[in-house]
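A short worksheet on the structure shown next.
Nothing fancy with the numbering, it's 1 onward along the sequence.
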Amino acid sequence: VQLQASGGGLVQAGGSLRLSCTASGLPFSNYAMGWFRRAPGRERQFVAAIKWRGGTTSYADFTEGRFTISRDNAKNIVNLLINSLKPEDTAVYFCAVDKISRRSYAPMSPAEYESWGPGTLVTVSS
């Protein structure tokens, strides 16, 4: 399984970014996908997840309606739209694949994921 995240960059506070993660080497449409982040000096943190067939999503409390996860199973892509970016959103953002196919929910725990991608850096300036 290979995951490639993209879309990160340097943005001013209040701006938006759309992160994408392209997956290969797996039946993508059978697996929930998650986004996580690791800020400098902090532990990896759950951001958002989407169920294998889409529709059902999970978000961390800090996302406060600013983050939207979506997926395109025809293109093997999961996206994360981040609006109203804050300096505290600065982190490396990772995508990951659920360990279990066709799970009935969008998991939030890192322990439920595997095949982590290398991540894409988001830097938000104040």
Side-chain angles (χ1 to χ4, degrees):
V1 176
Q2 289 191 324
L3 301 172
Q4 184 62 54
S6 60
L10 175 63
V11 63
Q12 287 189 328
S16 299
L17 279 177
R18 184 186 189 214
L19 309 183
S20 295
C21 173
T22 302
S24 60
L26 79 164
F28 179 79
S29 61
N30 285 349
Y31 292 88
M33 295 294 295
W35 282 97
F36 294 78
R37 70 183 188 182
R38 179 181 284 119
R42 300 188 65 178
E43 296 292 319
R44 183 174 54 190
Q45 183 180 35
F46 170 76
V47 177
I50 186 166
K51 190 176 172 181
W52 57 278
R53 64 195 307 174
T56 300
T57 56
S58 300
Y59 291 95
D61 289 342
F62 71 80
T63 58
E64 301 172 329
R66 299 184 296 116
F67 292 61
T68 303
I69 189 171
S70 61
R71 67 187 296 158
D72 184 339
N73 284 347
K75 297 181 179 179
N76 286 16
I77 292 176
V78 58
N79 298 306
L80 183 70
L81 175 64
I82 313 173
N83 294 318
S84 303
L85 278 156
K86 303 177 181 181
E88 52 263 43
D89 292 322
T90 294
V92 177
Y93 285 74
F94 304 85
C95 58
V97 181
D98 192 350
K99 289 182 177 179
I100 298 175
S101 67
R102 302 196 173 196
R103 198 190 296 261
S104 61
Y105 58 94
M108 301 172 65
S109 169
E112 295 176 290
Y113 288 87
E114 61 185 6
S115 303
W116 299 85
T120 185
L121 176 62
V122 172
T123 304
V124 184
S125 62
S126 57

Mind listing the closest non-hydrogen atom pair of [X] and [Y] along with its distance?
| X | Y | value |
| --- | --- | --- |
| G8 | T120 | N-OG1, 3.0 Å |
| G119 | V92 | CA-CG1, 3.9 Å |
| I82 | Y93 | CD1-CE2, 4.0 Å |
| G7 | L17 | O-CD2, 3.6 Å |
| Y59 | I69 | OH-N, 2.8 Å |
| A23 | F28 | CB-CD1, 3.5 Å |

Using the rule side chain to side chain contact (heavy atoms under 4.5 Å, CB included), only one of V97, L26, D98 pairs with S115; which is it? V97
R102 and N30 side chains, donor-acceptor separation under 3.5 Å: yes
Tell me, yes or no, whether the heavy-atom count around [X] atom [atom1], taken from other residues, nucleotides or ligands under 6.0 Å, exceeds 12.
| X | atom1 | value |
| --- | --- | --- |
| E64 | CD | yes |
| K86 | NZ | yes |
| Q2 | CD | no |

Working to the nearest 0.5 Å, report the span between [atom1] of [X] and [atom2] of [Y].
| X | Y | atom1 | atom2 | result |
| --- | --- | --- | --- | --- |
| L80 | S70 | CG | OG | 8.5 Å |
| F46 | M108 | CZ | CE | 4.5 Å |
| S16 | L85 | OG | CG | 6.0 Å |
| L19 | R37 | CG | CZ | 11.0 Å |
| I77 | S6 | CD1 | OG | 8.0 Å |

Assess whether ring pair (Phe, Tyr, Trp, His ring centres under 6.0 Å) is satisfied between F67 and W35, documenting all intermediate values. CA-CA 11 Å; F67 292 61; W35 282 97; over 10 Å; no
Do side-chain atoms of [X] reach the backbone of [Y] as a donor and acceptor pair under 3.5 angstrom?
| X | Y | value |
| --- | --- | --- |
| N79 | T68 | no |
| R71 | K51 | yes |
| S126 | P87 | no |
| T90 | V124 | yes |
| W52 | S101 | no |
| R38 | F94 | no |
| Y105 | S58 | no |

Show, in sequence, the C-alpha distance, side-chain angles and deciding distance for E88 and F62, and conclude whether the side chain to side chain contact (heavy atoms under 4.5 Å, CB included) test is met. CA-CA 10 Å; E88 52 263 43; F62 71 80; over 6 Å; no
With side chain to side chain contact (heavy atoms under 4.5 Å, CB included) as the criterion, how do M33 and L3 come out once you've worked through the C-alpha distance, each side chain's angles and the decisive distance to 0.1 Å? CA-CA 11 Å; M33 295 294 295; L3 301 172; 4.1 Å; yes
Can you check side chain to side chain contact (heavy atoms under 4.5 Å, CB included) on V1 and E114, steps first, answer last? CA-CA 10 Å; V1 176; E114 61 185 6; over 6 Å; no
Test item: K99 and E112 side chains (from C-beta on) under 4.5 Å apart, heavy atoms: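 The answer is no; the side chains never approach within 4.5 Å.
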